[in-house]
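Heads up, the thing below is written out as structure tokens.
Lettering follows sequence order; numbering is per chain, from 1.
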Protein chains: 2
Amino acid sequence: MHVKSASDRVSEITLQLERLILSGDLAVGDYLPAERALSEQLGVSRSVIREALGRLTSIGLTESRHGSGTRVATPSGREISVGYERLLRNSDVPLEDLAVVRLSLESTIASLAASHRTDPQLQQLAATQAVLVNPRKSLAAHVKADAEFHAVLAEATGNRVFPLMLTPIHDLLTDSRLKTLKRYGAALAYSHHQKIFEAVRSRDASAAAAAMREHLAVNSRHLEAMAAARSKTD
Amino acid sequence: MHVKSASDRVSEITLQLERLILSGDLAVGDYLPAERALSEQLGVSRSVIREALGRLTSIGLTESRHGSGTRVATPSGREISVGYERLLRNSDVPLEDLAVVRLSLESTIASLAASHRTDPQLQQLAATQAVLVNPRKSLAAHVKADAEFHAVLAEATGNRVFPLMLTPIHDLLTDSRLKTLKRYGAALAYSHHQKIFEAVRSRDASAAAAAMREHLAVNSRHLEAMAAARSKTD
DNA sequence: GGATCCAATTGGTCCTACCAATTTAGCGGG
DNA sequence: CCCGCTAAATTGGTAGGACCAATTGGATCC
């Protein structure tokens with residue numbers, strides 16, 4: 001990648017530390033040396049160290065706690081999510097577009113999950129369903145269970161890229177999912193999930209994908225309706 | 001979004017400046033006030049200003065030139081891509097997994113492109129095909145044309161999220177694509193692309209998706225073969 | 001009018017001192 | 001011996017000054 005030589009110190013140091021982390025010399029959760037120590041070891045002022053660590057933190061590679069230290073953060077895709085969020089605000093990407101991408105990914109996920117799911121994962125899915133069908137649980141709990149269902153499904157593909165790609169999309173769509181749940185109730189989501197669940201349980205890949213498409217179609221229609229209402233008032 | 005209150009000064013200032021930029025008060029290319037001026041205006045030390053600006057620069061919102069000043073950078077979504085790329089690289093996912101995700105996205109892309117493509121986009125596709133079928137062009141040119149073909153297709157969906165999701169994946173798979181081109185020659189890629197092209201031209205969504213799946217299957221088989229060879233030597 | 005040089009402006013680095021959380025070690029009482 | 005409290009050491013966070021280095025813009029000179 002042509003990231004031009006970066007003749008300034010902080011960029012150098014940032015790269016150096018980044019390499020140190022990504023090379024595996026430092027595991028997730030390990031503490032980096034203290035800023036004053038790094039300053040001496042690397043032969044630059046503490047300001048440079050601080051700016052470098054700040055940049056690493058801003059891209060989610062490290063996290064610092066006052067008085068405690070700085071350690072490498074658990075990679076979670078959350079930084080990517082905020083990046084996407086920023087881009088969304090900036091370039092005004094409509095949520096409908098995101099929903100389309102989600103539909104594409106999730107139908108593949110359902111299909112693959114049906115082929116690769118393990119029994120414990122099946123139980124996890126059942127657990128989220130138990131929450132969703134329980135009317136005594138709060139709306140927030142229902143939303144969480146809904147998200148969990150899809151997350152477990154992504155896990156069950158056995159392909160680690162799917163969770164990484166899906167997480168930020170889910171985060172961005174969480175609002176719309178909440179509205180959909182409010183509008184149509186958890187019962188509908190439960191019955192949809194149940195159809196998917198049965199297909200995954202019986203390892204019927206195409207049925208799982210079809211059920212997923214049907215499930216997400218509700219959300220898409222809702223988004224489109226809102227978009228239409230919005231454009232009317234413009 | 002629940003981005004915890006961020007009690008430290010630099011986070012505050014970073015958010016403040018970010019808001020200032022994204023709200024449109026500062027257009028792309030505009031210069032921010034000098035660090036010393038910002039320091040005084042916002043009532044914090046220059047160190048804080050510098051760290052905040054550094055973070056903004058590291059996520060691609062601003063760019064600083066020594067002696068000149070700091071201005072808001074042209075938004076390109078590229079920073080998001082490299083963020084994604086970093087994450088994927090970091091988590092050490094097998095290329096086969098990436099190829100699967102790519103297949104999922106690209107088949108949807110082909111389908112949507114068939115419905116939404118414009119005539120100029122069709123011409124762009126044809127142009128990359130002209131390069132690919134020209135044996136006088138270098139291998140690098142062929143790889144570029146191949147990448148371009150898929151990029152234009154992603155554009156043609158009219159959904160700006162697809163390019164964003166696909167770009168980092170393409171970047172990570174560029175090596176394997178090069179090897180595939182070497183192994184099977186540009187002619188095969190050309191004929192596959194041609195099938196996709198015809199389907200997109202005639203707005204046949206399902207044919208486009210099918211042709212795309214067939215196209216990428218070659219790549220997948222190649223990757224699997226390499227993975228198998230690798231595991232033998234382990 | 002054009003080229004050259006110089007001074008003001010601006011980002012980049014270093015340093016030192018101090019503030020504020022956190023952790024750790026030590027002390028004392030039970 | 002153990003628990004709880006306190007104080008010191010460690011660590012990140014902020015401030016502010018001094019200086020270096022690149023860029024810019026104007027004044028000067030031809």
Practice problem: Please name the pair of heavy atoms, one in B/T70 and one in B/S64, separated by the smallest distance, quoted to 0.1 Å. | Solution: OG1-OG, 2.9 Å
Self-check item: For atom CD1 of B/I49 and atom C1' of C/dG12, their distance in whole Å
Solution: 15 Å
Quiz item: For the side chain of A/V48, counting heavy atoms from C-beta on, which of D/dT14, C/dT13, C/dT22 is nearest?
Solution: C/dT13
Self-check item: Value in whole Å for how far the C1' atom of D/dT14 lies from CD of B/E51
Solution: 9 Å
Quiz prompt | Residue whose closest nucleotide on DNA chain D lies nearer the 5' end, B/R65 versus B/G43 | solution = B/G43
Quiz prompt | Set of side chain to side chain donor-acceptor pair (under 3.5 Å) partners for A/Y184, sequence neighbours left out | solution = none
Self-check item: Near-strand residues of residues 29-42 of chain A, defined as heavy-atom separation under 4.0 angstrom from DNA chain C
Solution: A/R36
Quiz item: Looking only at side-chain N and O atoms, does A/R50 come under 4.0 Å of OP1 or OP2 in D/dG13?
Solution: yes
Exercise. Can you sort out the partners of B/T108 under side chain to side chain donor-acceptor pair (under 3.5 Å), two or more places apart, ordered by chain and number?
Key: A/S104
Practice problem: Quickly work out the B/D8 CG to D/dG12 C1' distance and round it to whole Å. | Solution: 10 Å
Quiz item: Quick one: B/R46 CZ to D/dA15 C1', roughly how many Å, whole number?
Solution: 13 Å
Self-check item: Distance test, side-chain N/O of A/S45 to OP1/OP2 of C/dC14, below 4.0 Å
Solution: yes
Quiz item: Partners of B/R117 by side chain to side chain donor-acceptor pair (under 3.5 Å), sequence neighbours excluded?
Solution: B/D119
Practice problem: List in chain and number order the residues that pass salt bridge (Lys or Arg N to Asp or Glu O under 4.0 Å) with B/E148, two or more places apart in sequence or in another chain; answer none if no residue qualifies. | Solution: none
Quiz item: Phosphate oxygens OP1/OP2 of D/dT11: is one of them under 4.0 Å from a side-chain N or O of A/S68?
Solution: no
Exercise. For A/V72 and A/A27, work out which heavy atoms get closest and say how close.
Key: CG2-O, 3.1 Å
Exercise. Calculate the interatomic distance between A/H66 atom NE2 and D/dG12 atom C1'; express it in whole Å.
Key: 5 Å
Quiz item: How would you list, by chain and number, every residue that makes a side chain to side chain donor-acceptor pair (under 3.5 Å) with B/T62, sequence neighbours excluded?
Solution: B/T57
Exercise. Could you tell me whether A/S47 contacts a base, only the sugar-phosphate backbone, or nothing, with contacts defined as non-hydrogen atoms closer than 4.0 Å?
Key: base
Quiz item: In whole angstroms, how far is the P atom of C/dG12 from the CZ atom of A/R9?
Solution: 12 Å
Quiz prompt | 5' precedence on DNA chain C between A/G67 and A/V10 (nearest-nucleotide basis) | solution = A/V10
